[in-house]
Student: 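My questions all concern the structure below.
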Amino acid sequence: MPHRRILSLWFPRLGAERLIRAEPHLADVPFATAAQQGPAQVLGALSLAASRAGLRSGQPLRDAHAMCAGLITRAAQPRREEAFLGALHRWAGKFSPWVASDAPDGLVIDLTGCAHLFGGEKPLAQQVTQDCADLGLTVCFGIADTLGAAWALARFSRQDAAHARSGDAIDQEAPATRARAGKRRHWERGGAAPTRSAPTGTEKTRIAPPGQTRDALASLPIAALRLDPQVTEQLARLGLRRIGDLLGQPRAPLARRFGRGLVDRLDQATGAVPEPVSPAIPSDRFAVRMSFPDPIGFEEDVAEALSRMTEQLCAMLDAKSRGARVLRIEAHRCDHQMHWQTITSASASAQPHRLIPLIRLKLPQIDAGPGIDMLRIEAVHHEPRQERTRSGHIQAAQHGSRRLQGGAALEDLVSRLGARLGMEAITRRAPASSHIPEKSALTLAAAWSEAARDWPRSPVLRPLLLWRPEPVTAPDQPHPPQAFRWRGRDWQAKAQTGPERIAPEWWLDDPEWRSGPRDYWRIDTDRGDQLWLFYAHGGVTSPGWFCHGSFA
C-alpha cells in the first residue's frame with residue numbers, strides 16, 4: 001500500500017491577486033485589501049510590492065498609510081474570494097480527485113497514488129507553481145505524510161523566521177533597553193514567535209520525505225501546530241518555542257496545563273491520530289457546447305444549433321430532477337471575441353418547448369460578427385424540480401390538469417414579457433396582513449413569487465384606485481361636507497356612505513398616519529365620481545378632510 005502523501009497549498013495573497021488579475025496596473029504599486037476588524041480597518045491580503053514596502057497583514061490601515069504614502073487599498077470581498085477559491089478547487093482536481101478546501105486561502109490535496117503520474121512529487125510541485133504563476137497567483141506548498149505537517153510546511157518552512165520589525169521609529173532607532181532588546185531577540189532565544197506572513201520571493205517550500213515527518217516538524221515554530229495564539233504565547237514563556245521541544249515532553253502534563261487540544265494537534269501533525277481529507281461534493285454543472293467546422297452567422301443556423309443544444313441540456317437536467325431558471329448563452333466568434341446573453345424563466349423548467357422560445361427572443365441581440373465558431377449554453381441557476389403524480393377520479397384529474405396547464409401558460413407569458421421588458425418590470429399583487437388600506441397588498445416580482453389563490457374578501461367595499469392623501473377644503477367638522485374643493489375644483493356631494501373608522505398601527509411610527517384615527521366616507525359627487533374621503537381627528541398633525549382614492 002503506498003504511503004499517504006498530502007499536499008497543502010496556501011495562497012497568501014489571494015484577495016489582492018484576485019483584484020490584480022482584473023486591474024493589472026495594481027501589480028506595480030503597493031496594493032492591499034482592507035478588512036473590517038471591529039471598529040477599525042486593517043490590512044488583509046497584500047501584493048508583493050506592499051510586502052516589500054514593510055507592510056504586513058493585520059496592520060491598522062492608518063499605520064499602513066503612514067508607512068507607505070502610495071498605498072492603494074480596495075475593500076475586501078470575502079464572498080468573491082470564496083468563489084475564486086472554489087474555481088481553484090476545480091483546477092486542483094487535475095492533480096488528484098481528492099481535493100478539500102482549507103478556507104479562507106488554502107487547499108488540501110491527497111496525492112496518495114497520484115504523484116507518479118506527473119513524474120514524482122517535485123515535478124508535480126513545479127507544475128503547481130508554474131500553473132499558479134500563469135494565473136498570476138503566489139502559492140506556497142508543503143508535502144508530507146499528514147495534513148498537519150503539510151499545512152505547517154506550507155506556511156512556516158521559510159529559512160529566516162526572525163521577528164518582523166514593527167515600524168516604530170523609537171523601537172528601531174533609539175538605544176534599546178533590556179525589554180526592547182528582548183523583543184528584538186530571535187524567536188528561538190526568547191523573542192516573539194513568528195507568525196504567518198506572505199512570502200517576498202526568497203523563501204523555499206519544503207517536501208518532507210516519506211516517514212520523516214517528525215524530523216521535518218522539529219525545527220518549525222509552535223505556531224505551525226494550528227494552536228490558539230494564547231497557547232502559543234504560554235508555551236513560549238516556558239521556553240517551548242519549537243515543535244521539537246514538545247516531541248520529547250510527557251503528554252499528561254501538557255494536557256493538564258494547556259488542554260487536550262495541544263496534544264491532539266501534535267498527534268495529528270505526527271500521524272499518531274488520523275486527520276482525513278474530506279473533499280467537498282462537487283456542485284452539479286449543466287452546460288452544453290457545440291463547435292462548428294466552418295463559422296456560422298445566419299440567425300436560423302444559430303437558432304437550430306441552440307435548439308439541439310437545449311434539448312441535450314434539458315435531458316441532463318431531467319436526469320437530475322432539476323429545472324433551469326437562468327440560462328447563459330455564449331457565442332465565441334472566429335475573431336476571438338465572445339458575446340453572451342442571459343435568459344431568465346419565470347419558473348424552473350426542463351422542457352425544451354418552454355425554453356427554446358425564450359432563447360429565440362434573445363437571438364437578435366447576439367452579434368455574430370465575422371462568424372461564430374462555437375456556441376455554449378449553461379444553466380447558471382437551477383432548482384430542484386418536484387415531480388407531480390396525478391391520481392384520483394377522472395374529474396379530479398382533469399381539474400388538476402387544467403390548473404397545471406393554466407399555471408404553465410401564465411409562467412410562459414411572464415417569461416416572454418420578462419425577456420422583452422426585464423423580469424423586474426413584471427410584478428403581481430399579493431395579500432398582506434394589515435388593516436391599513438395602502439398596506440393590504442404587496443407588490444412582488446412575478447417570476448419569483450406564486451399567484452395568490454385565496455385572496456381575502458374585505459367586509460366593506462374598497463376603492464379601485466389609491467393615492468397619497470390629498471387635502472380637501474371643507475368645514476373642519478367630522479360630518480361629511482355637502483360641498484368641498486379638491487384639486488382646484490368645486491364638488492357637490494349627492495350621497496354619503498359611512499363612516500368606517502381605521503386606526504393607525506400604534507406599534508409603528510408611520511409618517512403618513514400621524515394624523516390619528518380616520519373616519520372614511522364614500523362620497524357620490526355631482527360629476528358622477530365616487531371619492532373616498534376621510535376625516536383625520538388629529539394627532540401629531542392638525543385634523544381635517546383628505547381624499548384617499550376613487551371607486552370604479
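Since we're looking at a predicted model, the values are computed, not measured.
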Student: Salt bridge (Lys or Arg N to Asp or Glu O under 4.0 Å): which pairs involve residues 62-85, sequence neighbours left out?
Tutor: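 Qualifying pairs: Glu23-Arg74.
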Student: Quick check: Phe534 with Trp545 (ring centres under 6.0 Å apart)?
Tutor: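 No: the rings miss the under 6.0 Å criterion.
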Student: If you apply the rule side chain to side chain donor-acceptor pair (under 3.5 Å), what do you find for Thr525 with Gln530, and how did you get there?
Tutor: CA-CA 6 Å; Thr525 65; Gln530 290 185 341; over 6 Å; no
Student: Treating His382 as the side-chain partner and Ser349 as the backbone partner, does any N or O pair qualify as donor plus acceptor under 3.5 Å?
Tutor: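 Judged by distance alone, no pair lies under 3.5 Å.
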Student: Give, for atom CD1 of Ile366 and atom CD1 of Ile372, the distance between the pair rounded to the nearest 0.5 Å.
Tutor: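 The CD1 atom of Ile366 sits 6.5 Å away from the CD1 atom of Ile372.
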Student: Does CH2 in Trp98 sit with more than 12 non-hydrogen atoms of other residues, nucleotides or ligands closer than 6.0 Å?
Tutor: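 Counting neighbours around CH2 of Trp98, 12 or fewer heavy atoms of other residues, nucleotides or ligands fall under 6.0 Å, so no.
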Student: Using the ring of each side chain (for Trp, its six-membered ring), is Phe484 parallel, tilted or perpendicular to Trp491, with breaks at 30° and 60°?
Tutor: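 Ring orientation, 0 to 90° scale: parallel.
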Student: Does Ile343 form a side chain to side chain contact (heavy atoms under 4.5 Å, CB included) with Leu361? I'd like the steps, not just the answer.
Tutor: CA-CA 9 Å; Ile343 295 96; Leu361 292 175; over 6 Å; no
Student: Return the set of residues passing salt bridge (charged side-chain N to carboxylate O under 4.0 Å, His left out) with Arg485 (not counting sequence neighbours), or none when no residue passes.
Tutor: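 Testing Arg485 for salt bridge (charged side-chain N to carboxylate O under 4.0 Å, His left out), a comparison that skips the adjacent residues, returns Asp490.
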Student: Is the shortest side-chain N to carboxylate O distance from Asp301 to Arg308 below 4.0 Å?
Tutor: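 Salt bridge between Asp301 and Arg308, a charged N being under 4.0 Å from a carboxylate O: no.
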Student: Is Lys320 atom NZ crowded by more than 12 heavy atoms from other residues, nucleotides or ligands, each under 6.0 Å away?
Tutor: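 Not more than 12 within 6.0 Å, no.
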Student: What do you reckon, is NE2 of His479 surrounded by more than 12 foreign heavy atoms closer than 6.0 Å?
Tutor: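 It does not: His479 NE2 has 12 such atoms or fewer within range.
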Student: With distance as the sole test, does Thr310 use its side chain to make a donor-acceptor pair with the main-chain N or O of Ile356 at under 3.5 Å?
Tutor: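 Flag not set: sc Thr310 to bb Ile356 has no pair under 3.5 Å.
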Student: Which heavy atom of Ala305 sits nearest to which heavy atom of Phe292, and what is that distance?
Tutor: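 Closest pair (atom of Ala305, atom of Phe292, distance): CB-CZ, 3.9 Å.
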Student: Carefully, step by step, assess Trp486 and Thr473 under the rule side chain to side chain contact (heavy atoms under 4.5 Å, CB included).
Tutor: CA-CA 6 Å; Trp486 172 62; Thr473 304; over 6 Å; no
Student: Measuring from Glu438:CD to Glu512:CD, what's the distance to the nearest 0.5 Å?
Tutor: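 Reported to 0.5 Å precision, the distance equals 7.5 Å.
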Student: Hey, could you give me the CG/CG distance between Leu85 and Leu9, rounded to the nearest 0.5 Å?
Tutor: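 Reported to 0.5 Å precision, the distance equals 10.0 Å.
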Student: Flag yes if more than 12 heavy atoms outside Trp340 fall under 6.0 Å of its CH2 atom; otherwise flag no.
Tutor: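 No, the 6.0 Å shell around CH2 holds no more than 12 heavy atoms from other groups.
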Student: As a quick check of understanding, evaluate side chain to side chain donor-acceptor pair (under 3.5 Å) for Gln77 and Arg18, giving each step before the final call.
Tutor: CA-CA 10 Å; Gln77 299 174 325; Arg18 184 189 67 85; 2.7 Å; yes
Student: How many angstroms lie between CG in Leu533 and SG in Cys547, if you round to the nearest 0.5 Å?
Tutor: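 Those atoms lie 5.0 Å apart.
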Student: For atom CZ of Arg468, is the number of surrounding heavy atoms from other residues, nucleotides or ligands below 6.0 Å larger than 12?
Tutor: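 No.
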Student: Looking at every non-hydrogen atom in both residues, tell me the closest pair between Leu227 and Val231 and how far apart they are.
Tutor: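 Smallest interatomic distance, heavy atoms only, reads CD1-CG1, 4.2 Å.
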Student: Applying side-chain hydrogen bond (donor to acceptor under 3.5 Å, both in side chains), can you list everything that pairs with Arg501, at least two apart in sequence or on another chain?
Tutor: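 So Arg501 forms a side-chain hydrogen bond (donor to acceptor under 3.5 Å, both in side chains) with Asp519, His537.
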Student: Please find the pair of heavy atoms, one from Ser47 and one from Arg13, that lie closest to each other, and give the distance.
Tutor: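 So the two residues come closest at O-NH1, 3.1 Å.
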Student: Could you give me the CA-CA distance, side-chain angles and deciding distance for Arg155 and Asp102, then say whether salt bridge (Lys or Arg N to Asp or Glu O under 4.0 Å) is met?
Tutor: CA-CA 13 Å; Arg155 291 159 175 81; Asp102 187 12; 3.4 Å; yes
Student: Is it the case that more than 12 heavy atoms not belonging to Gln37 sit under 6.0 Å from its CD atom?
Tutor: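 Open: at most 12 neighbouring heavy atoms sit under 6.0 Å from CD of Gln37.
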Student: Which of parallel (below 30°), tilted (30 to 60°) and perpendicular (above 60°) describes Trp532 and Phe551?
Tutor: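 The rings of Trp532 and Phe551 stand perpendicular, inter-plane angle above 60°.
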Student: Would you check, one step at a time, whether the test side chain to side chain contact (heavy atoms under 4.5 Å, CB included) holds for Tyr520 with Ile502?
Tutor: CA-CA 8 Å; Tyr520 280 87; Ile502 300 179; 3.7 Å; yes
Student: Out of curiosity, Gln59 CD to Cys68 SG, how far, rounded to the nearest 0.5 Å?
Tutor: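 Reported to 0.5 Å precision, the distance equals 10.0 Å.
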Student: Would you confirm whether His435, through its side chain, and Ala503, through its main-chain N or O, come within 3.5 Å as a donor-acceptor pair?
Tutor: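 Yes.
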Student: Has the side chain of Arg328 got a donor or acceptor atom that lies under 3.5 Å from a matching backbone atom of Thr342?
Tutor: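 Checked: no pair found.
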Student: Of all the heavy-atom pairs spanning Gly54 and Met67, show the shortest one and how long it is.
Tutor: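 Heavy atoms only, the tightest pair is O-CE, 3.6 Å.
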Student: Could you check His339 against Gln341 for side chain to side chain donor-acceptor pair (under 3.5 Å), going step by step and ending with a plain yes or no?
Tutor: CA-CA 7 Å; His339 286 250; Gln341 291 292 330; over 6 Å; no
Student: Looking at Ala100 and Ser278, what are the two nearest heavy atoms and their distance?
Tutor: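 Closest approach of Ala100 to Ser278: CB-O, 3.3 Å.
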Student: Please round to the nearest 0.5 Å and tell me the distance separating atom OG1 of Thr73 and atom CG of Leu19.
Tutor: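 Taking OG1 in Thr73 and CG in Leu19, the distance rounds to 11.0 Å.
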Student: For Glu505 and Lys439, run salt bridge (Lys or Arg N to Asp or Glu O under 4.0 Å): C-alpha distance rounded to whole Å, both residues' side-chain angles, the deciding distance at 0.1 Å, then the answer.
Tutor: CA-CA 11 Å; Glu505 297 172 328; Lys439 297 181 181 180; 3.2 Å; yes
Student: Against the six-membered ring of Trp513, is Arg518 placed for a cation-pi contact (under 6.0 Å from the centre, within 45° of the normal)?
Tutor: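 The answer is yes, since Arg518 meets both limits relative to Trp513.
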Student: Are the side chain of Asp367 and the backbone of Gly369 linked by a donor-acceptor contact shorter than 3.5 Å?
Tutor: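 The answer is yes, because a donor-acceptor pair under 3.5 Å joins these two groups.
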Student: Is the count of non-hydrogen atoms from other residues, nucleotides or ligands lying under 6.0 Å from Lys494 atom NZ greater than 12?
Tutor: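 At most 12 heavy atoms, drawn from other residues, nucleotides or ligands, come within 6.0 Å of this atom.
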Student: Hey, mind stepping through Arg325 and Glu383 against salt bridge (Lys or Arg N to Asp or Glu O under 4.0 Å) and telling me if it holds?
Tutor: CA-CA 7 Å; Arg325 194 66 181 263; Glu383 301 174 358; 3.0 Å; yes
Student: Salt-bridge test for Glu378 and Arg289: reply yes if a basic N is under 4.0 Å from a carboxylate O, no otherwise.
Tutor: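 Looking at Arg289 together with Glu378, the answer is no, because their closest N to O distance does not fall below 4.0 Å.
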Student: Who pairs with Arg416 by salt bridge (charged side-chain N to carboxylate O under 4.0 Å, His left out), at least two apart in sequence or on another chain?
Tutor: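 Not a single residue meets the salt bridge (charged side-chain N to carboxylate O under 4.0 Å, His left out) criterion with Arg416.
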Student: Walk me through it: do Ser345 and Arg354 pass the test side chain to side chain donor-acceptor pair (under 3.5 Å)?
Tutor: CA-CA 9 Å; Ser345 176; Arg354 299 182 62 183; 5.6 Å; no
Student: Would you mind reporting whether Val108 and Val99 have side-chain heavy atoms less than 4.5 Å apart?
Tutor: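 Side chain of Val99 against side chain of Val108, heavy atoms only: no contact under 4.5 Å found.
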Student: Taking all atoms of both residues into account, what is the closest heavy-atom pair of Gly15 and Ala45, and its distance?
Tutor: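 For Gly15 versus Ala45, the nearest heavy atoms are N-CB, 3.7 Å.
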Student: Just checking His336: does its NE2 atom have more than 12 heavy atoms from other residues, nucleotides or ligands closer to it than 6.0 angstrom?
Tutor: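 Incorrect, the count does not exceed 12.
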Student: Holding to side-chain hydrogen bond (donor to acceptor under 3.5 Å, both in side chains), I want the full list of residues that pass it with Arg420, two or more places apart in sequence or in another chain.
Tutor: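 With neighbours one apart ignored, the set is empty.
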Student: Where do Leu48 and Thr138 land on the side chain to side chain contact (heavy atoms under 4.5 Å, CB included) test, with the steps shown first?
Tutor: CA-CA 9 Å; Leu48 181 59; Thr138 301; over 6 Å; no
Student: With sequence neighbours left out, write down each residue that passes salt bridge (charged side-chain N to carboxylate O under 4.0 Å, His left out) with Asp335, or none if nothing qualifies.
Tutor: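 Per chain and number, Asp335 pairs via salt bridge (charged side-chain N to carboxylate O under 4.0 Å, His left out) with Arg333.
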